[in-house]
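To start, the structure under review is shown below, and the notes come after it.
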Amino acid sequence: MEKIGVGRTAEVFATDDRTAVKLFYDWVSASHVQNEISRAKIISEVYPDAPRFIRAGEWDGRRGLEMEYIQGEMGTAYLMKNLLRVRQILEKMAAVHKEMHRIQAPSLPGPVEKFGPDIADCPYLSEASREQLQRFLQDKDSMDFLCHGDFHPENILIVPGDVTRVIDWLDAYRGDPMADVARTWYLLGSSTSPQPGQSLPERMIRRVRSFLSEQYLRYYYRGEKFLEKDWLTWQLIIFCGRTREGINEELPKLHWMIRRWEQRLFPEVR
């Protein structure tokens with residue numbers, strides 16, 4: 001097998017049968033492996049544009065799972081090569097995301113399980129705000145719409161025929177699509193690039209991040225009305241979750257954003 005990817009918990013190999021095998025490191029817990037296998041099965045069954053699940057098993061003594069191998073161009077590279085078509089690409093991305101959110105996925109973890117720990121562990125929230133946010137999650141916990149959890153150009157592949165496939169479903173959950181949109185809005189507008197030594201097009205993208213996130217939001221909702229308080233609340237929850245991802249460069253801005261959004265949403269508890 002040929003190694004084609006390395007992640008925090010696993011390595012990915014391409015097989016001679018044109019499938020992809022994800023092999024977890026020995027230190028990864030059995031529960032983590034089982035959770036990822038369960039999610040892969042569920043996503044494969046409900047969402048046709050995700051990699052197809054084939055089987056779980058062991059390869060040379062390492063636990064893993066075998067999936068469909070999708071060969072395509074990563075969305076980020078595609079975007080940088082087609083900067084003059086950025087609006088059309090964002091429009092297509094929003095349409096793919098919105099179509100995903102029409103699917104029901106009741107077997108996945110819900111909003112309380114997904115976001116409750118983020119709120120509980122966020123050091124920047126007051127206790128009163130924490131309680132308000134947990135109640136908000138309880139109100140949303142009956143929603144069953146499929147959410148990716150990390151939808152951004154790095155997790156999109158463009159395959160021949162301009163077809164879009166969506167990968168990396170480790171953070172998938174069921175719930176309110178607005179939460180998923182808020183995560184994408186943040187990643188497009190504020191996240192730190194993981195790539196050092198950026199090329200000129202990448203630096204240009206960083207300078208227009210606000211444009212990317214706002215255009216994406218406009219294309220996703222296309223004039224639909226939604227509750228501003230719900231939107232701000234999901235943004236605040238996403239900020240809290242981002243503080244747990246170990247990206248130190250973003251922490252000062254996240255701290256400021258959390259305090260500002262908290263004051264806007266819950267002025268009475270400050």
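Excluded from the calculations below are hydrogen atoms, water molecules and symmetry mates; all remaining heavy atoms, backbone and side chain alike, are included. As the structure is a computational prediction, the values presented were derived from the model and not from experiment.
For the residue pair Tyr216 and Val181, the shortest heavy atom distance occurs at CE2-CG1, 4.0 Å. Between Asp171 and Arg39 the shortest heavy-atom distance is C-NE, 4.3 Å. Shortest non-hydrogen contact noted between Cys240 and Leu125 is SG-CD1, 3.6 Å. When all heavy atoms are compared, the tightest approach of Leu157 to Gly72 is CD2-O, 4.1 Å. Scanning both residues, Ala40 and Leu65, for their nearest heavy atoms gives CB-CD1, 3.8 Å. For the pair Pro111 and Trp234, the tightest heavy-atom approach, listed with the atom from each and the gap, is CB-CH2, 4.4 Å.
Checked by atom type and distance alone, the side chain of Arg63 pairs as donor or acceptor with a backbone atom of Val28 at under 3.5 Å. Under the 3.5 Å distance criterion, the side-chain polar atoms of Thr243 are left unmatched by any main-chain donor or acceptor of Cys122. Checking side-chain atoms of Asn155 against main-chain N and O of Phe151 turns up no donor-acceptor pair under 3.5 Å. The main-chain N or O of Gln34 is found under 3.5 Å from a side-chain atom of Ser38 such that the two form a donor-acceptor pair.
By the side chain to side chain contact (heavy atoms under 4.5 Å, CB included) test, Gln88 pairs with Arg85, sequence neighbours left out. For Arg87, the side chain to side chain contact (heavy atoms under 4.5 Å, CB included) test picks out Phe211, Gln215, Tyr219, with sequence neighbours left out. Scanning for salt bridge (Lys or Arg N to Asp or Glu O under 4.0 Å) contacts around Lys3 gives Glu11, with sequence neighbours left out. Shown here are the ring-ring contact (aromatic ring centres under 6.0 Å, His included) partners of His101, two or more places apart in sequence or in another chain: His97, Tyr220. By the salt bridge (Lys or Arg N to Asp or Glu O under 4.0 Å) test, Lys140 is found to be paired with Asp176, Asp230, residues two or more places apart in sequence or in another chain being considered. Legend: residues meeting ring-ring contact (aromatic ring centres under 6.0 Å, His included) with Phe53, ordered by chain and number and at least two apart, are absent. In this structure, His32 has no ring-ring contact (aromatic ring centres under 6.0 Å, His included) partners at least two apart in sequence or on a different chain. With sequence neighbours left out, the salt bridge (Lys or Arg N to Asp or Glu O under 4.0 Å) criterion links Lys98 to Glu224. Remark: Arg244 engages Asp118, Asp121 in a salt bridge (Lys or Arg N to Asp or Glu O under 4.0 Å) (not counting sequence neighbours).
A salt bridge between Glu245 and Arg242 is present, with a side-chain N of the basic residue lying under 4.0 Å from a carboxylate O of the acidic one. Taking a cutoff of 4.0 Å between a charged side-chain nitrogen and a carboxylate oxygen, Arg165 and Glu68 qualify as a salt bridge.
Under the 4.5 Å side-chain contact rule for hydrophobic residues, Tyr186 and Leu265 share a cluster. Under the 4.5 Å side-chain heavy-atom criterion for ILVMFWY residues, no single connected hydrophobic cluster contains both Phe13 and Val6. A continuous path of hydrophobic side-chain contacts links Phe115 to Phe266 [ILVMFWY only; heavy atoms under 4.5 Å]. Under a hydrophobic clustering in which Ile, Leu, Val, Met, Phe, Trp and Tyr are joined whenever their side-chain heavy atoms come within less than 4.5 Å, directly or via other members, Leu254 and Leu232 fall into the same cluster. Linking ILVMFWY residues whenever their side-chain heavy atoms come closer than 4.5 Å, directly or via other members, leaves Val96 and Phe145 in distinct clusters.
The closest side-chain heavy-atom distance from Leu146 to Gln104 is not below 4.5 Å. Residues Val21 and Val12 form no side-chain contact, since every pair of their non-hydrogen atoms from C-beta on lies 4.5 Å or further apart. Put simply, the side chain of Pro153 reaches to within 4.5 Å of the side chain of Leu188, judged on heavy atoms. Contact check for Met1 versus Leu23: side-chain heavy atoms found under the 4.5 Å cut-off. Within the 4.5 Å cutoff, no side-chain heavy atoms of Leu79 are placed close to those of Met93.
Residue Ile237 holds its CD1 atom at 11.5 Å from CE of Met178, rounded to the nearest 0.5 Å. Taking CG from Asp180 and CZ from Arg174, the interatomic distance works out to 14.0 Å, rounded to the nearest 0.5 Å. Residue Leu170 holds its CG atom at 9.0 Å from CG of Asp150, rounded to the nearest 0.5 Å. To the nearest 0.5 angstrom, Glu113 atom CD is 12.0 Å from Leu137 atom CG. Distance check, rounded to the nearest 0.5 Å: CD of Gln71 to CD1 of Ile4 gives 9.0 Å. Distance CG/Asp168 to CD/Glu154: 10.0 Å, rounded to 0.5 Å.
When ring centroids are compared, Tyr47 and Trp169 come within the 6.0 Å threshold. Aromatic rings of Trp256 and Tyr124 (six-membered ring for Trp) have centroids beyond the 6.0 Å cut-off, not under it.
In the model, Trp261 has a side-chain atom that pairs as donor or acceptor with a side-chain atom of Gln235 under 3.5 Å.
For the salt bridge (charged side-chain N to carboxylate O under 4.0 Å, His left out) condition, the pairs that include at least one residue of residues 12-34, sequence neighbours left out, are Lys22-Glu36. Sorted by first and then second residue, the pairs that involve residues 70-80 and meet salt bridge (charged side-chain N to carboxylate O under 4.0 Å, His left out), not counting sequence neighbours, are Glu73-Lys81. Listed by first then second residue, pairs satisfying salt bridge (charged side-chain N to carboxylate O under 4.0 Å, His left out) with a partner in residues 44-61 read Arg55-Glu66, not counting sequence neighbours.
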Show your reasoning for whether side chain to side chain contact (heavy atoms under 4.5 Å, CB included) applies to Ile158 and Ile156.
CA-CA 7 Å; Ile158 311 300; Ile156 295 170; 4.0 Å; yes
Given side-chain hydrogen bond (donor to acceptor under 3.5 Å, both in side chains), test Ser190 with Glu250 step by step and report yes or no.
CA-CA 8 Å; Ser190 301; Glu250 294 182 24; over 6 Å; no
Can you check salt bridge (Lys or Arg N to Asp or Glu O under 4.0 Å) on Arg130 and Glu262, steps first, answer last?
CA-CA 10 Å; Arg130 214 183 305 275; Glu262 187 182 27; over 6 Å; no
